[in-house]
Every structure is written in C-alpha cells, then in structure tokens.
Peer 1: 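Could you have a look at this structure, given as structure tokens, before my questions?
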Number of protein chains: 2
Amino acid sequence: MNTLAYGLLGLVARTPSSGYDLMLQLQPYWQAKHSQIYPLLAKLEQEGYMEFTRVHQTDRPDKKVYSITEKGEIALKLWLAEPTAEPVVRDELVLKAYCLQLTDDQKARDLFMERIEHCQEQMQMYEHIMSEMEQQLDGKPDHPDHPAFSDYILLSWGRRRMKEDILWCEWVLDLLKKKEAE
Amino acid sequence: MNTLAYGLLGLVARTPSSGYDLMLQLQPYWQAKHSQIYPLLAKLEQEGYMEFTRVHQTDRPDKKVYSITEKGEIALKLWLAEPTAEPVVRDELVLKAYCLQLTDDQKARDLFMERIEHCQEQMQMYEHIMSEMEQQLDGKPDHPDHPAFSDYILLSWGRRRMKEDILWCEWVLDLLKKKEAE
DNA sequence: GAAAGCATGTAAGATGTTACATGATTCG
DNA sequence: CGAATCATGTAACATCTTACATGCTTTC
C-alpha cells in the first residue's frame, strides 16, 4: 500500500469509478499515468481493498467500475491517522532559475513567461471546476460537513498555488525588466 | 542526461563542490538522496561533463571536488533553452484532505496543524539563508547581474510557497473551527 | 559512550514514465 | 479521413528510496 493506492482508495470511497475516470480525477492532485493505475487497481482488488463490476456500455467501451470494500475503508481510516509524508517538489524551472546567469536576458524572460502561461491555464482549470460546483450547489460548500467540502478546499489549494507562482514569476520578470531599462 | 544531472551541473558550474555538499545544496529545491547523486556524478565525470580532484582533508574524510568542463557548460546552456517540463507535486496531505469526512474533527485539525509546523520550519530555513546572504552582501542582490541573484529569487520562491501553504492551512483550520463553535 | 556530521559508495526494491497494443465512437 | 476521447492493459526502461557498508571526527 503506497500513497497512490490510498489516493485511489479515497476517490473510490466517495464515488465508485472506472480506472480511466480515476486517472482523470486524480490528475490535478497526483500525477499518475494509466499504466500505473490499472495494475494497481487490479492489485487492490485482488487484496480485497476494492471490488469491481463490469459495466456494459453501448456507445463506449465497457468499463470496470471499482468501489471500496470494508477492508478498504478500514485501511483508509488508518492511513489518515498515520504521519503524513513531507511533500516532494520536482520543478525543472527552479533548477533552471539557478543557472540564469548562463543565458541571455530574452531566454531568461521566456522561462518565466512560459511558466506564467502554464499556471494561468491550471488556475483557469481549478476556477472552472470551482464555478461549476458553485453553480450546482448554489454557493460555496464552506462547511466541513458538506459532502463537497474537501473538493472545495482542494480547488482553493490549487488556485492559490497557481496564483502565488504567477506572482513570483511576475516579480522575477519585473527585476529582469528593470535591468533592461537601464 | 536527466533533470537531476542538469541540476548538479548547474550547482557545480557556479561552485565546484563534493557530492555530499551538492546533496545538501540541492535539498531545498530538488530532493535527491546521496545514493542517487554519487553514481550520477561518476557517470557525468565519465562522459566528460564534469571532472574532479581528490582533496585531502586531515580532520575529515577526503573528498572529490567536482567542477564543470567545457562540454558540461555547453550542455547546460542547451538545456536552458529547451522547453521546461511541467512541475510535479506529490503531496500526501492533498490526498488525505480529500478523505476528510472519514475522520473525526480532531484528527482533521491535526493534519493541517502538522503541515503548518513543517512549513514554518522550512520557511525559517529559507529566511535564515536569506538573512545570512543579506548580511554578507550588505543588502538584497536584487539585480540580475549580481552573482547571488538566482539564490535570491529561489529563496524568495521557497519562502513564498511556505507562507502560502501556511495561509491555506490556517484558512482550512478556520473553517473546521467554525464548525466546532456551533 | 552515543549520536550526529562528514564523506563515499553499492544493491535491492519501489515507483513512475514511455512505448507498445487494441478497438470502438464522436467530432470536425 | 484524421484526431480526440473513452477504455484497458503489458513491457521496458528510468528514476527514486531504503537498506547495507565503512570509517573518521566532533559534540553532548
């Protein structure tokens, strides 16, 4: 049982889903490819943490819809109480920023402008899901007992991170531009 | 040549260092264990991107001090111009936050309080390095041509991220506490 | 005397990515 | 007609972590 396994278990605990669907749902919070997810789901099913029913579809390929078992739910609750691993960041831009002096000013600016665009796309994605949710629920699910509370705080987390990254990039670009103006 | 290799190359390009030292320097920006770094340095040296001199020390074990070669510097500059990979986040707390409804309120609060402590430690680390640098340089190296400019923007990046994460956790804790007050 | 820091390495195993493989449907 | 989406899987490879291995010095 690794973190990804618990992540899948957590998703399935709320809404029974297919592997394909789990992959998409997980994307914004934990990047995993389908080639990692499918074998893991099979393993979790074999070990009794999940079970699946084959759902026939006429317009689309058939799918396996996984749902959590009692054993899975117990494991999930135990995991929540265990100490949380420290977050891992792997951002190539950070390493490139360290070497800024080796490039010309235009390429340096491009690095940060590229990142701003990426963050804006991500932020719009988070905001889009958020506004869809708010429309559906007719307001923010800002109460811990609301079933969409965790979605709400996670979307807020994503949006905040992107916003902060953009601000940092803009701050750096500003310093770089001041030099140009000299 | 992977991202970690370029990261090491970037560090070495500025200051020739031992593997042990590189590991420590890299920690805040790219988590890698010594067991990954040492073999990679050996490979980079064999392929001519770096070279090393064995430095004898009386009080401590001898060390291999790596420095960049011309080939290494060319590779590094090419890498800077290549498209930057999207950042990867692997944060167990995010996955746990999704399952908040499965726990009691105390454990939920503990999750975020733990994270706040972690972020505060990290933030103090970044701020400590920053203030040491400011003392040494007698001011902020906020000009792109200053040799410590990249350190300055990276430390700022670290501090900002930690600050923002703390604010998010506090916001969540606040929502959780409001429920308690009912 | 034990623990922590400095210093380098290897081996085994876990985790993650890219490529290979298939096949239906929908949209432009 | 080609590309994208839905849907599931395997194989090979790259990357990262944990454990094994050694040994000296300083600090508590």
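Protein chains get the first letters and strands the later ones, always in sequence-line order, with residue 1 at the start of each. In this text, all values refer to a predicted model and were calculated from it rather than measured experimentally.
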Peer 1: Between dG9(D), dT17(C), dA7(D), which nucleotide has the shortest distance from any of its atoms to the side chain of Pro61(A)?
Peer 2: dA7(D)
Peer 1: Nearest whole angstrom, please: distance from the P of dG16(C) to the CD of Gln36(B).
Peer 2: 14 Å
Peer 1: State whether Lys63(A) places a side-chain N or O below 4.0 Å from either non-bridging phosphate oxygen (OP1 or OP2) of dT8(D).
Peer 2: no
Peer 1: I want to know whether Phe112(A) and Trp168(A) have ring centres closer than 6.0 Å.
Peer 2: yes
Peer 1: May I have the distance from Lys33(A) (atom NZ) to dT17(C) (atom P), rounded to whole angstrom?
Peer 2: 5 Å
Peer 1: Run the salt bridge (charged side-chain N to carboxylate O under 4.0 Å, His left out) test on Glu164(A) and Arg161(B) for me, step by step, so that the C-alpha distance in whole Å, both residues' side-chain angles and the decisive distance to 0.1 Å come before the verdict.
Peer 2: CA-CA 7 Å; Glu164(A) 188 56 33; Arg161(B) 298 208 125 213; over 6 Å; no
Peer 1: Please state whether the base of dT8(C) and the side chain of Ser18(B) form at least one donor-acceptor pair under 3.5 Å?
Peer 2: no
Peer 1: Consider the side chain of His34(A), meaning its heavy atoms from C-beta on, and name the nucleotide among dT18(D), dC16(D), dA19(C) that approaches it most closely.
Peer 2: dA19(C)
Peer 1: Has the side chain of Gln31(B) got a donor or acceptor atom that lies under 3.5 Å from a matching backbone atom of Val89(A)?
Peer 2: yes
Peer 1: Between P on dT5(D) and CD on Gln57(A), what's the gap in Å once rounded to a whole number?
Peer 2: 17 Å
Peer 1: For Asp62(A) and dC6(D), give me the distance from atom CG to atom C1', rounded to whole Å.
Peer 2: 11 Å
Peer 1: Using whole Å, what does the distance between atom C1' of nucleotide dT8(C) and atom CE of Met23(B) come to?
Peer 2: 10 Å
Peer 1: Would you check if Leu8(A) and Met50(A) make a side-chain contact, meaning some heavy-atom pair closer than 4.5 Å?
Peer 2: yes
Peer 1: Is Asn2(A) close enough to dA14(C) that one of its side-chain N or O atoms is under 4.0 Å from OP1 or OP2 there?
Peer 2: no
Peer 1: Looking at Asp91(B) and Arg115(B), does any basic side-chain N land under 4.0 Å from a carboxylate oxygen?
Peer 2: yes
Peer 1: Between dT22(D) atom C1' and Tyr20(B) atom OH, what is the distance in whole Å?
Peer 2: 15 Å
Peer 1: Any side-chain N or O of Tyr38(B) below 4.0 angstrom from OP1/OP2 of dT8(C)?
Peer 2: yes
Peer 1: Measure the distance from NE2 on His56(A) to P on dT8(D) and round it to the nearest whole Å.
Peer 2: 14 Å
Peer 1: Using a cut-off of strictly less than 4.0 Å, decide whether Lys64(B) has a side-chain nitrogen or oxygen near OP1 or OP2 of dG9(C).
Peer 2: yes
Peer 1: Would you mind telling me which of dG16(C), dT10(D), dA7(C) lies closest to the side-chain atoms of Arg90(B)?
Peer 2: dG16(C)
Peer 1: Starting from P on dG16(C), measure out to CG on Leu4(B) and report it in whole angstrom.
Peer 2: 17 Å
